[in-house]
2 protein chains.
Amino acid sequence: MTTSDRLATGWETVDDEQCRRATSIMELVGRRWSGGILLAVGRGATRFSEIVATVQGLSDRMLAVRLKELEHGGLIDRTVEPTVPVTVRYRLSPRGRDLLASLQPLQEYGRRWEPQA
Amino acid sequence: MTTSDRLATGWETVDDEQCRRATSIMELVGRRWSGGILLAVGRGATRFSEIVATVQGLSDRMLAVRLKELEHGGLIDRTVEPTVPVTVRYRLSPRGRDLLASLQPLQEYGRRWEPQA
DNA sequence: CTGGATCCCTATCGATACTG
DNA sequence: CAGTATCGATAGGGATCCAG
């Protein structure tokens, strides 16, 4: 937005950088399963199969898809240990840990209010 | 999850009530435009047309859809003033204000980290 | 075990036109 | 002003099968 916009309308357009970042984060973790996956990894599940087992109803395919998104977004680190067979581990990145911490108040919000409808 | 699940696996399944509430909230506000609309109303835009003007790229149709969802979720209150023509106003409910406050750390998170990729 | 590839159905969303 | 109706394109996501 421009200053003249605000002067004209009395409120700012909602497209400032900070807001765009927050909304894009929400649109990422708001996707189906993303929240649960982040939570699961945050709680200590590191293996692919562990995560599938931890998040109720999550399929192999969607986990693969979401992990790629989350990894691409810098929220999760993927490491491959050269065992036989290889051991793949997923962990929260510093960024991912920070995000989870930033989501804590939202969890408290969830505790405060009954789901409506 | 059950206690035996946890004892068997070493980590909990992610389906506790608190988590479900938080993820459903994220899936609601993570929908396209929802975040911006909430922000806009939080910043003082109350009229339908004001909100459209405030959120860049938002169409009439999507605003109508999202407002219905947010109203249904108890986040926004819709009031009709019996003027001619009628004046419809949207405001954050107490719940909506609490949600926005709970989302504040996420905005700060957005300030801390550059968008990746 | 960790995924990739494919099929296919549905939900979502943008554009446009129309109404009380 | 504040929406609704309809259409078409596309993205999301479940099921299943396959592979390193």
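Residue numbering restarts at 1 for every chain, and letters A, B, ... go by the order of the sequence lines.
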message: Please classify the nucleic acid contact of B:Arg89 as base, sugar-phosphate, or nothing, using heavy-atom distances under 4.0 Å.
response: nothing
task: Using side chain to side chain contact (heavy atoms under 4.5 Å, CB included) as the criterion, list what pairs up with B:Glu27, not counting sequence neighbours.
output: A:Arg32
- prompt: OG1 of B:Thr23 to CD of B:Gln18: how many Å apart, nearest 0.5 Å?
  reply: 10.5 Å
field: Heavy-atom check, side chain of A:Ile37 versus side chain of A:Leu58, under 4.5 Å
entry: yes
message: What is the separation between atom CG on B:Leu63 and atom P on D:dG3, rounded to the nearest whole Å?
response: 8 Å
message: For the backbone of A:Val88 and the side chain of A:Arg47, can you confirm whether one donor and one acceptor N or O come within less than 3.5 Å of each other?
response: yes
message: What's the separation between atom CZ in B:Arg111 and atom SG in A:Cys19, rounded to the nearest 0.5 Å?
response: 12.5 Å
statement: A:Leu67 CG to C:dC1 P, in whole Å, measures 16 Å
query: So does B:Lys68 get a side-chain nitrogen or oxygen closer than 4.0 Å to the phosphate oxygens (OP1/OP2) of D:dG3?
result: no
field: Lys/Arg-Asp/Glu bridge criterion (N-O < 4.0 Å) met for A:Glu17, A:Arg20
entry: yes
statement: note: A:Phe48, atom CZ; C:dT2, atom C1'; distance rounded to Å ~ 6 Å
- prompt: Taking the side chain of A:Arg47 as heavy atoms from C-beta outward, which of D:dA2, C:dG4, C:dT2 is closest to it?
  reply: C:dT2
- prompt: With the sugar-phosphate defined as primed atoms, P, OP1 and OP2, and the base as all remaining atoms, what B/S/- string results for nucleotides 5-19 of chain C, 5' to 3', for protein heavy atoms under 4.0 Å?
  reply: BB-----SBBB----
message: Whole angstroms only, please: what is the CG-P distance between A:Leu28 and D:dG12?
response: 11 Å
